[in-house]
Student: 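Got a structure for you, questions after.
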Amino acid sequence: MQNLAKSIHLRLTDRHDSSGYNKYHHREYLRCDMKQNKRESDYIQSKRSCDDRVANREFCDFALIILTFFIRMDIPLPNYCCRYSFTSGSNGYDYSNTVTSNGYLGSKDSYRNGGSFYGAFTGDINHKLPNHVSAHSLINIGNQGHQSSIGGNDVGNSYNGYSANDQGNEYAGYSNTYENSASESYTKPIYPTPTQISDNYPESSTDNGIQGYLDSSGSSSYSESDHIYSPYSPGGLTSEYSFGKQKNDPLNLKGGNKHNGGIYLIPSGTRYTRGNPGHVSFNRDVPFISGDSGLSNHFSQAHGTYSSGKLNKYGYKLSRYTPNSSVTYVSRERDGYYTPYGKGGGKVIIIKNNKPNYAGRVYSEDPLYAGSNGGYRSKSGFVNGFSASSNFDGYTGSNNYNDGPTVPRRYRMISPVFVQKKIPSTACYIPNFITEEEERQIIKCVNSVPQPKWTQLSHRRLQNWGGVPHSKGMIAEAIPDWLQKYIDKVTALSIFEKGVLPNHILINEYLSGQGIMAHSDGPLFYPIVTTISCGSHTVLDFYKRLEMTEQQQCKLEFSLLLERRSLLILQKDLYYNYLHSIAERDVDSISESSIKNLHMCAKKFTEEEIIKRDTRLSLTIRHVPKTSKLKLKIF
Ligand SMILES: O=C(O)CCC(=O)C(=O)O
Ligand SMILES: [Fe+2]
C-alpha cells in the first residue's frame, strides 16, 4: 500500500496547471526558481528510483480505481502572512530580572510606610487607607475624587477590601480570600492557552446601561460614553474595587470583552499589570515588529495599557482587570478614574513584557496626562522600579511618595501581548504551547505508528490523521487520543469558528536539511492553519504571492522562527496572499531583519547566531471541510 500511495503521489506531483502552479494535491506550488526551494516535483523526479517505477507500472490501474481512497498525501497548509500583529504567550512566569519569587508583601506592615496607599498608618490622613485594608496584598485606594484626596475620605468609604461579595459581582470565579503572607509560596500556574476575547461588545456598542461612572460624590466623571466602558460597573467606584487573586481568564469575566478589530488571543494567564493607561502621547498605527521603528521602543518598557489617548472602553476595561496576586498597582483605579482627563481617544494597546528591562522608572518617555486634573501618585521604587518621578503617571504634586516599599512583583505574563485596533491579526506565535513532556510523547507516538501510516515523499515524510483530505471532501477517520488532545488544545483557542473546528492533523517529518518548497495551502481548507513544532525549530519563509509567470523570481518577504513546542497560527492574508516554504538547510542563522518574531521566542537569540536543525515533526492542525463519516467498503 505504501508503494501504491507513493506511485499515486508521483503521478500527481507531475501535474501542472496553466496558472504556473503545480497542483500538488491540495497544495499549490509556485513554479519559481528559488535558490533554496526546488520544485517538489523535481525532488521527486530526481529521487525516483527504479523500484518506484516498477511500483508505478504494477499498480497503475489499481491506483486509478481507488485513487480517492488511498491517496496518502500531503495536505495543504494555509498560507500565512504577517502584517504583523502578533500575539503571544508562553507557559511560564517570569522570575527573572526584577521579578521576585516571593512577590507578596512581606507583611501588612510593608505597606504602611509613611501613610502610603497601603496600610493602616494613621499619620497622614490624606494618604492612608482604612485599617482593614492593610491585610490585603492588593489594595484599593478607593475612590479618589481628586488628587488631593488620595487615600483620604473617599477611600474610607469606598474601599471594600476584598471580599467575597465583591468578587461575586466582579470577579466571578475568583473567590478565595487572599491574605498577604510572607510565607506564602508561589506555585507556578499553567496558563499557556490564549483565549480569544469574546465578541460581546461590538465596537459600536454604547451600552448606556453600564456607562457612566460615578465618583463618590455621585457625579459622573465623564461623559464620553462611547469611549468608556465599564464592564461590570456595579454602581460606581464603591463596589468595584476589589483586589486579590485574579480570575484565570480576566478578560472573559462576565463574558464581556471584545476583540476589537485586531484584538485577539489574550492568554488566559495574562495579568494586566498596570502602567499608565492615561499615558497619552502615542497615537500611531503600530506595526509591532521587533526592530521596527516606532513603538517597539516604547513597548519594551510597557506594562499594561498604553493609550494613545483617552482609553476607550476596552482599555478601560482591561485596565481594571489588573490585579495580580502579587502586583500591587495602587494606581490602577485611578487610571480608569482619570481616563476622562486623557486626550482624545485613540487606539489602545496592551502590552506585557516578560522581562522588564527598565531600571528606575517605567513610563518616562512622555509627558504626563492628568496632571492637576487628577493623576495619581506612586511611590518611588514602587513595584520594582515604578517610580514616582515627575512624569510617572502624571503626578506632579508635592506629596510624592518616596518612602515607598518596593513591592516585589511577579510577572504573571510573559511574552508580549498586545491588543490593538485595526491591524489584522494574521499570525500568532505562541512559544511553549506544549510542554516538554507533551513534545516527548508526540515524538514517541508518531514514531511508533505502523510504517504504512507514513507517506514517504522524496524530501520528507508525513502522516495524515483524521482522514485523507481530498478536494471532494474527506472521509473522516478517528483520531487517536494522543493527537486529539492537541486538536482540543488548539480548539480551545477559539480561533476557529463554530462549524469549522479543526478535524485533521497532518504530521510532517523533516530531517535536518529537509524542507518544503514554496506553496500556498490552497483553497480546500478553512483558512486557518495551526502548526505545532516538535523536536526542532525551523524557519518558515514567506513570499508574497505575485502575478504568476512561468519563471518567476520569488522574493522572500520575511521569515518566522518556529521553536520547538511552539504553535503558529496563520490565517487570512497570510493564507491567501503569501506562499510559505522551509529551506533545505541544516542550520539557520538568526537575523532580526528577516525573522520577524524573534522578540516572541522563548529563547533569546543573538544576531547571526547559528542554530542547528534536528529532526522536526510538525503537527498541522486544521479544518478539512466536507467530511463524511461514511465507512466505504474497499474491496
Ligand atoms: O512543517 C511546517 O511547519 C509546514 C508544513 C506545510 O507548510 C504544509 O504541510 O503545508
Ligand atoms: Fe503549507
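Numbers here are sequence positions counted from 1. Read the numbers this way: they start at 1 and go in the same order the structure lists the ligands and their atoms.
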Student: Tell me every residue that passes salt bridge (charged side-chain N to carboxylate O under 4.0 Å, His left out) with Glu509, counting only those two or more places apart in sequence or in another chain.
Tutor: Arg461
Student: Between the side chains of Gln456 and Trp454, is a donor N or O closer than 3.5 angstrom to an acceptor N or O?
Tutor: no
Student: Would Arg616 count as being in polar contact with ligand 1, using the rule that some N or O on each side must be under 3.5 angstrom apart?
Tutor: yes
Student: Would one find more than 12 heavy atoms of other residues, nucleotides or ligands at under 6.0 Å from atom CD of Glu437?
Tutor: yes
Student: Please list, in number order, the atoms of ligand 1 under 4.0 Å from a heavy atom of Leu506.
Tutor: 9 (O)
Student: List every atom of ligand 1 that sits less than 4.0 Å from any heavy atom of His519, numbering the atoms from 1 in the order shown and giving each element.
Tutor: 6 (C), 7 (O), 8 (C), 10 (O)
Student: Please could you name the atoms of ligand 1 that Ser618 approaches to less than 4.0 Å, counting only its heavy atoms?
Tutor: 1 (O), 2 (C), 3 (O)
Student: Does any N or O atom in Thr620 lie less than 3.5 angstrom from one in ligand 1, N or O only?
Tutor: no
Student: Using heavy atoms and a 4.0 Å limit, tell me yes or no: is Ile582 in contact with ligand 1?
Tutor: yes
Student: Is there a donor-acceptor contact under 3.5 Å linking the side chains of His519 and His580?
Tutor: yes
Student: Among Thr615, Thr538, Asp586, Val587, which residue satisfies the side chain to side chain contact (heavy atoms under 4.5 Å, CB included) criterion with Ser512?
Tutor: Asp586
Student: Relative to the heavy atoms of Thr531, which atoms of ligand 1 are at a distance of less than 4.0 Å?
Tutor: 3 (O)
Student: At their closest point, which heavy atom of Asp614 faces which heavy atom of Gly535, and how far apart are they?
Tutor: CB-O, 4.0 Å
Student: Counting from 1, what ligand 1 atoms have a heavy atom of Tyr510 closer than 4.0 Å?
Tutor: 1 (O), 2 (C), 4 (C), 5 (C)
